[in-house]
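Worksheet: the structure to be examined is printed underneath.
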Amino acid sequence: MARDLWDPERLPDLSGRRYLVTGATAGLGFFSSLQLAGAGAHVIMTGRNPHRLAAARAAVQRHYGEADVETLLLDTSNLGSVRAAAATARGRTGLHGLLLNAGIVHPPREREETHDGHEIVFATNALGHYALAGELLLALAAGRGRMVWVGSMSTSLTPMELIDPELQNEYTPWRAYVQSKIATTALGFEADRRLRAAHVPISSVVAHPGYSLSGRTRGIIGINAPGRLKRFTANLQAPITQSKEQGAWTLVRALVDPAVEGGQFWGPSRGVSGPPRPATPARGTRDPELAARLWNYCEHATGTVWPYLKASKARRR
Ligand SMILES: NC(=O)c1ccc[n+]([C@@H]2O[C@H](COP(=O)([O-])OP(=O)(O)OC[C@H]3O[C@@H](n4cnc5c(N)ncnc54)[C@H](OP(=O)(O)O)[C@@H]3O)[C@@H](O)[C@H]2O)c1
């Protein structure tokens, strides 16, 4: 195998390229936006809270005075918000990448539903991203772009069968999280199969950030301010963790490296930490029958059918 020359701290020049990031107000989404902006990309930072979004944009601009960033309100748990944001983003010229990162990582103790009547963790982490990617398919096709879905090692640690994605029965917070990540990963692979079959010039990739803790991440006003106890417990786990900044390396490479191919799964080299490498996804996430059932469910639940035919004819912009 050829030597891997990718340096996550020296990205190629991304001037003239446009990326949309969900959950850009904190953690991996913020640091991915920062890294993209630092390489000269135009970044559409999205989030559900206008104050946190303004703080995130200000933080990027403090790092890079010339950063080309805009903000857009987008709550992935709310299908109306997803459609409204997509309508605004579509008005721009072609999109080169979509980082589907927003997520509930600490699910509620008891099962909760969104305004649209969906289990909140599945809705936020998987369903909203399925709808967003579908709504932005033409813009992405015009940019010959790529979508990156954010998976998790938890899918390998706790194999589960995705029989009841909305957890009508047997809800637990951990089950809700792992199932939402199995769904996200399976949707990412299924998207690539469907886009290829329809000759749409978009690739779909899945990436996971290992185990990335805010307690191991530098403090940034308005973005990351862990208390002493959090720092202390995070440092105790130093051998098996990394910072969110390092976790973002894998997501960003999956999004921008021309050598990354659709249908691939990427993660940190040591599983929990390290520079980005191709990784092995959990077996359950690779099952095409499960993914096809899930896809049909998402079409029905969101009322969004991806416009493959139009996207396959989209003109480059
Ligand atoms: N950290 C890890 O070790 C790890 C491991 C595996 C996978 N992941 C995945 O990586 C992604 C980011 O995780 P993280 O560690 O960066 O978490 P985080 O620090 O808690 O950040 C989560 C981000 O998602 C946003 N978000 C939550 N609900 C949202 C909604 N309904 N609409 C829009 N944005 C919403 C949050 O926005 P607010 O600021 O408004 O709360 C925040 O910007 C998640 O998908 C997670 O499952 C993380």
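Atoms within a ligand are numbered from 1 in the order they appear, just like the ligands themselves. Worth saying up front: this structure is predicted, and the values here are computed from it rather than measured.
In this structure, T76 has a heavy atom closer than 4.0 Å to ligand 1. In this structure, G47 has no heavy atom closer than 4.0 Å to ligand 1. The closest approach between any non-hydrogen atom of G247 and ligand 1 is not below 4.0 Å. Assignment of G151 to the shell around ligand 1 is supported, since a heavy atom sits closer than 4.0 Å. Using a 4.0 angstrom heavy-atom cutoff, N125 does not count as in contact with ligand 1. F30 does not count as a contact of ligand 1, since none of its heavy atoms falls under 4.0 Å from the ligand. For the pair K244 and ligand 1, a heavy-atom separation below 4.0 Å is found. Distances shorter than 4.0 angstrom occur between a heavy atom of G210 and an atom of ligand 1. Under a 4.0 angstrom heavy-atom cut-off, T184 registers as lying outside contact with ligand 1.
Distances between N or O atoms of M153 and those of ligand 1 include no value under 3.5 Å. Between N101 and ligand 1, an N or O atom pair is found at a separation short of 3.5 Å. On a distance-only criterion, R48 and ligand 1 share at least one N/O pair closer than 3.5 Å.
No hydrogens or angles considered: nothing links the side chains of S32 and Q35 as a donor-acceptor pair under 3.5 Å. Side chains of E166 and H118: a donor on one and an acceptor on the other come within 3.5 Å. A side-chain N or O of R216 and one of T241 form a donor-acceptor pair less than 3.5 Å apart. Under 3.5 Å, the side chains of R270 and S273 contain a donor-acceptor pair of N or O atoms. Side chain to side chain, H115 and N78 fail the donor-acceptor criterion of an N or O pair below 3.5 Å. Side-chain polar atoms of Y19 and R17 form a donor-acceptor pair below 3.5 angstrom. A donor and an acceptor atom, one from each side chain of W149 and T185, are nowhere located under 3.5 Å apart.
Residue-level proximity to ligand 1 for T124 is carried by the side chain, the only part with a heavy atom below 4.0 angstrom. By the criterion of a heavy-atom distance under 4.0 Å, both the backbone and the side chain of D75 are placed next to ligand 1. The part of P209 lying near ligand 1 is the side chain, judged by heavy-atom distances below 4.0 Å. Only the backbone of L74 comes within 4.0 Å of ligand 1, judged by heavy-atom distances. At a heavy-atom distance under 4.0 Å, only side-chain atoms of V105, from C-beta outward, approach ligand 1.
Atoms of ligand 1 lying under 4.0 Å from at least one heavy atom of K181, given by number and element, are 44 (C), 45 (O), 46 (C), 47 (O). The ligand atoms of ligand 1 that sit less than 4.0 angstrom from a heavy atom of G27 are 16 (O), 19 (O). Atom numbering of ligand 1 starts at 1 in the shown order; those under 4.0 Å from a heavy atom of Y211 are 3 (O). The distance from ligand 1 to the heavy atoms of S152 drops below 4.0 Å at these ligand atoms: 6 (C), 7 (C). In summary, the atoms of ligand 1 found under 4.0 Å from a heavy atom of R52, numbered by their order in the structure, are 38 (P), 39 (O), 40 (O), 41 (O).
Salt-bridge formation is detected for the pair D192/R196: a Lys NZ or Arg NE/NH1/NH2 atom is positioned less than 4.0 Å from an Asp or Glu carboxylate oxygen. Salt-bridge formation is detected for the pair E245/R218: a Lys NZ or Arg NE/NH1/NH2 atom is positioned less than 4.0 Å from an Asp or Glu carboxylate oxygen.
Residue nearest to atom 27 (C) of ligand 1, selected from G103, A102, A126: G103 (by heavy-atom distance).
Remark: R194 fails to qualify as a cation-pi partner of Y308 under the 6.0 Å distance and 45° angle criteria applied to the six-membered ring.
Between S214 and P226 the shortest heavy-atom distance is O-CG, 3.5 Å.
Environment of OH in Y64: crowded, with over 12 heavy atoms of neighbouring residues, nucleotides or ligands closer than 6.0 Å.
Between W295 and Y130, the ring-plane angle classifies as perpendicular under the 30° and 60° cut-offs.
Protein heavy atom nearest atom 36 (C) of ligand 1, with residue, atom name and distance: T25 OG1, 4.0 Å. Of all protein heavy atoms, the one lying nearest to atom 3 (O) of ligand 1 is S212 N, 2.8 Å.
R231 contributes a side-chain N or O that, together with a main-chain N or O of T217, makes up a donor-acceptor pair within less than 3.5 Å.
Partner of H129 under the side-chain hydrogen bond (donor to acceptor under 3.5 Å, both in side chains) criterion, out of T22, T124, T76, T184: T22 alone.
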